[in-house]
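Model, not experiment: these values are computed from the prediction. So you know, we letter chains A, B, ... as the sequences are listed, proteins then strands, and number each from 1.
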Protein chains: 2
Amino acid sequence: MYGYEITQQVKEQSEGKILLTEGALYPALHKLEADGLLTTERVMIGKRMRKYYTLTPAGNTAITDKIKEFYSFLEAMQLIIGGKPKNT
Amino acid sequence: MYGYEITQQVKEQSEGKILLTEGALYPALHKLEADGLLTTERVMIGKRMRKYYTLTPAGNTAITDKIKEFYSFLEAMQLIIGGKPKNT
DNA sequence: CAAATATACCTAAGATTCTTTGGTATACAA
DNA sequence: TTGTATACCAAAGAATCTTAGGTATATTTG
């Protein structure tokens with residue numbers, strides 16, 4: 001995907017609950033790229049540029065690990081605050 | 001509860017997965033107090049001081065709201081991470 | 001009994017990350 | 001022609017966390 005598309009997809013798929021702004025996203029993408037977790041491919045659409053980002057093998061490992069961390073964190077939070085998500 | 005107790009309880013109840021350090025906790029407690037969400041009661045245990053924190057009514061409202069926000073965020077994350085891709 | 005660990009408070013520098021607010025430019029609809 | 005959407009980006013300020021200390025008492029252990 002490309003940057004702007006990510007902001008729109010996050011907004012759409014999260015039903016407007018998560019607003020990932022460009023000011024937060026672009027610096028993050030650049031850092032991930034600098035860390036070797038993403039590669040970019042510049043594509044011209046007419047006269048407008050897009051930068052498509054793709055996960056590197058290291059990026060795939062990293063995201064898998066991060067998601068595991070996230071679920072581990074959720075389990076821990078569950079133990080602390082108790083309860084379960086409502087209306088799911 | 002008091003500050004140090006919170007760090008220990010979080011560590012214990014989260015099975016060591018969440019480490020809430022004092023450097024993060026104390027400034028946060030002081031801010032919550034300044035914002036009127038907590039009140040403190042100083043108690044001497046022998047020659048050692050403890051500061052017990054209690055939620056104010058505003059604090060109770062705030063924590064309830066925050067937990068709701070948290071679950072709302074989780075649902076949104078579920079849609080994105082475990083989400084439904086358009087294609088593939 | 002001396003030294004290490006645990007309890008209990010705290011601050012401050014540095015790093016990281018997010019929000020806000022701008023900028024540039026093309027495409028299209030009102 | 002003005003506004004909205006697309007598409008990239010940077011920088012200042014704010015918020016938060018990590019790290020690394022400081023002070024002091026209490027208890028455990030070698």
Practice task
Please check if the side chain of A/S72 supplies one atom and the backbone of A/K68 the other of a donor-acceptor pair under 3.5 Å.
Solution key: no
Practice task
Verify the contact: side-chain N or O of A/Y4 to OP1 or OP2 of D/dC8, cut-off strictly under 4.0 Å; return yes or no.
Solution key: no
Exercise for the section: Would you name the heavy atoms of A/Y53 and A/K51 that are closest together and state the gap between them? Expected result: CD1-O, 3.3 Å
Practice task
Would you indicate, yes or no, if C/dC9 has its OP1 or OP2 atom less than 4.0 angstrom from a side-chain nitrogen or oxygen of B/Y2?
Solution key: no
Exercise for the section: First locate atom CD1 of B/I63, then atom CG of B/L38, and finally report the distance between them rounded to the nearest 0.5 Å. Expected result: 9.0 Å
Handout entry: Those residues of residues 42-51 of chain A lying under 4.0 Å from DNA chain C by at least one heavy atom
Key = A/K47, A/R48
Protein-nucleotides 28-30 of chain C N/O pairs closer than 3.5 Å?
none

Practice task
May I ask you to check whether over 12 heavy atoms, not counting those of B/L55, lie within 6.0 Å of atom CG?
Solution key: yes
Handout entry: Any donor-acceptor pair under 3.5 Å from B/T56 side chain to B/L37 backbone
Key = yes
Exercise for the section: Would you give the length of the straight line joining atom CD1 of B/I6 to atom CD1 of A/I80, rounded to the nearest 0.5 angstrom? Expected result: 11.0 Å
Exercise for the section: Could you walk me through whether B/T54 and B/E41 pass side-chain contact (heavy atoms from CB on, under 4.5 Å), step by step? Expected result: CA-CA 8 Å; B/T54 307; B/E41 188 193 352; 5.7 Å; no
Handout entry: Heavy-atom side-chain proximity of B/L74 to A/F70 below 4.5 angstrom
Key = yes
Practice task
Using whole Å, report how far CD of B/Q8 lies from P of C/dT5.
Solution key: 16 Å
Problem - Whole angstrom value for the distance that separates P of D/dT6 from CD1 of A/I6 - result: 15 Å
Fill in the blank from the handout: Residues A/A24 and A/P27: closest non-hydrogen pair is O-CD, 3.7 Å
Problem - Close residues, residues 19-32 of chain B, relative to DNA chain D [heavy-atom separation under 4.0 Å] - result: B/T21, B/G23, B/A24, B/K31
Problem - Residue among B/E5, B/K11, B/Q13 satisfying side chain to side chain donor-acceptor pair (under 3.5 Å) with B/Q9 - result: B/Q13
